[in-house]
Amino acid sequence: MRTLGIITARGGSKGIPRKNIKPLCGKPLLCYTAEAALAARRLNRVVLTTDDEEIAEVGRRYGVDVPFLRPKELAQDDTPSLLVVQHAVAFLEERAQRYDVICLLQPTSPLRTSADIDGCIELLEESGADAVVSIVTVPIQFNPHKLYLQDQEGFLHLITGEREPIPRRQDIPPAFRRDGSVYLTRRDVVMKDHSLYGKRVKGFLMNGDRSVDIDGPEDWDTAERMLASESSR
């Protein structure tokens, strides 16, 4: 099973300007994802898709292939990740470089490891799923069995659709959320079904102590603290 790693890093980040190459604990943010991807045993190749030459040069410096610069129309605030991935896959396939599985890696998850990437690939291979996404456990206070929506008359309804809440905490099933570290999808699901998920998705449980998705300055500060804590250990 040949697996392609695709790192996505556009130049026009708004919340944190030039986020993808901004130094985080002494290294460009992009570097953490590049190092994890290149160390993963199950990735056959790692490419960077970016619209920005400076970001491309940082990627090259850390050993990532940059076979093209992404068109500007695919580097907008509202550009879906699926279109970016499809463009990269199509570019490579036009040059007879075809892969069975696509692994989307975003630089905004700097604490994901090569073992996490390999674990997702092994889970996909063993399960026969269409896709595997990295997940973390939702704290019990945010579990859907504890959450309500309010209707127009002010009455509350459990998000799960059940009439009454589960009374015992121990009986509430665990809930999970995507953490953004790894999206692994079979090639035909991406290119033919136009999806990063397909119909049968497995979740790879991440260590919550290494899960952060950098969107704004507060997330950046959190990532710095987590990396500093890892370094001290």
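In this chain, numbering begins with 1 at the start of the sequence shown.
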With sequence neighbours excluded, residues passing salt bridge (Lys or Arg N to Asp or Glu O under 4.0 Å) with E54 = R18
key: Test item: side-chain donor near acceptor, T50 and D52, under 3.5 Å   = no
Atom of L48, atom of I55 and distance for their closest heavy-atom approach = CD2-O, 3.8 Å
Under the salt bridge (Lys or Arg N to Asp or Glu O under 4.0 Å) test, residues paired with K27 that sit two or more places apart = E35
inquiry  = Does this structure show an ion pair linking E125 with R186, if we count only N-O contacts that are shorter than 4.0 Å?
reply    = no
task = Side-chain contact test, heavy atoms from C-beta onward, threshold under 4.5 Å: evaluate it for L29 versus K22 and give yes or no.
result = no
Any donor-acceptor N/O pair, S134 side chain to M206 backbone, under 3.5 Å = no
inquiry  = Does R178, at its CZ atom, have more than 12 non-hydrogen atoms belonging to other residues, nucleotides or ligands within less than 6.0 Å?
reply    = no
request  = Determine yes or no for a side-chain-to-main-chain donor-acceptor pair under 3.5 angstrom, with R210 supplying the side chain and R112 the backbone.
outcome  = no
Qualifying ring pair (Phe, Tyr, Trp, His ring centres under 6.0 Å) pairs with a residue from residues 109-151, counting only residues at least two apart or across chains = none
message = Hydrophobic clusters here meaning ILVMFWY residues chained together by side-chain heavy-atom distances under 4.5 Å, can you tell me if I7 and L43 are in one?
response = yes
remark   = R168 meets the salt bridge (Lys or Arg N to Asp or Glu O under 4.0 Å) criterion, sequence neighbours left out, with D171
query = Do L105 and V182 have side-chain heavy atoms sitting under 4.5 Å apart?
reply = yes
query = Taking the side chain as C-beta and beyond, is there a heavy-atom pair between P28 and Y62 under 4.5 Å?
reply = yes
query = Is the side chain of R42 donor-acceptor paired with the backbone N or O of D118 at a distance under 3.5 Å, no angle test?
reply = no
query = Do K202 and E126 sit within salt-bridge range, that is, some charged N less than 4.0 Å from a carboxylate O?
reply = no
message = Under 4.0 Å between a side-chain nitrogen and a carboxylate oxygen: does that hold for R2 and D100?
response = no
Donor-acceptor contact present, side-chain S211 to main-chain G208, <3.5 Å = no
ask   = Is there side-chain contact between D209 and M226, with at least one heavy-atom pair below 4.5 Å?
value = no
message = Listing request: all ring pair (Phe, Tyr, Trp, His ring centres under 6.0 Å) pairs with a residue in residues 77-124, at least two apart in sequence or in separate chains.
response = F68-H87, F68-F91
Crowding at CD, Q141 (>12 non-hydrogen neighbours, <6.0 Å) = yes
ask   = Just wondering, are more than 12 heavy atoms of other shown residues or ligands nearer than 6.0 Å to CZ in R95?
value = yes
ask   = Is the shortest heavy-atom distance from the side chain of L24 to the side chain of P110 under 4.5 Å?
value = yes
task = Keeping the roles fixed (side chain from N20, backbone from R10), state whether a donor-acceptor pair exists under 3.5 Å.
result = yes
inquiry  = When you measure from the side chain of D130 to the backbone of K199, do you find a donor-acceptor pair of N or O atoms at a distance under 3.5 Å?
reply    = yes
For a quick test of your reading: what N or O donor-acceptor pairs under 3.5 Å do the side chains of residues 189-196 make, sequence neighbours left out?
{"residue": "H194", "atom": "ND1", "partner": "Q86", "partner atom": "NE2", "Å": "3.0"}
{"residue": "S195", "atom": "OG", "partner": "Y197", "partner atom": "N", "Å": "2.9"}
{"residue": "S195", "atom": "OG", "partner": "G198", "partner atom": "N", "Å": "2.9"}

query = If you look at every heavy atom in P165 and L158, which pair is closest and at what distance?
reply = N-CD1, 3.5 Å
key: Residue pair L149, L156: steps toward the side chain to side chain contact (heavy atoms under 4.5 Å, CB included) verdict   = CA-CA 6 Å; L149 294 175; L156 298 178; over 6 Å; no
query = What do you reckon, is CD of E164 surrounded by more than 12 foreign heavy atoms closer than 6.0 Å?
reply = no
key: Gap separating the CZ atom of R61 from the CG atom of L30, nearest 0.5 angstrom   = 9.5 Å
Donor-acceptor contact present, side-chain D213 to main-chain S109, <3.5 Å = no
query = Is any side-chain heavy atom of H157 less than 4.5 Å from a side-chain heavy atom of R163?
reply = no
remark   = One should read off an interatomic distance between I6 CD1 and L92 CG, to the nearest 0.5 angstrom, of 7.0 Å
inquiry  = Quick check on the hydrophobic clustering: are V212 and V136 connected, directly or via other members, by side-chain heavy-atom contacts under 4.5 Å?
reply    = no
ask   = Side chains of V101 and I121: closer than 4.5 Å at any heavy-atom pair?
value = no
inquiry  = Under a 3.5 Å distance rule, please check whether D116 uses its side chain to pair with a backbone N or O of T113 as donor and acceptor.
reply    = yes
query = Transitively linked via ILVMFWY side-chain contacts under 4.5 Å: V85 with V132?
reply = no
inquiry  = Does this structure show an ion pair linking D188 with R98, if we count only N-O contacts that are shorter than 4.0 Å?
reply    = yes
ask   = Does any non-hydrogen side-chain atom of I102 lie less than 4.5 Å from one of L184?
value = no
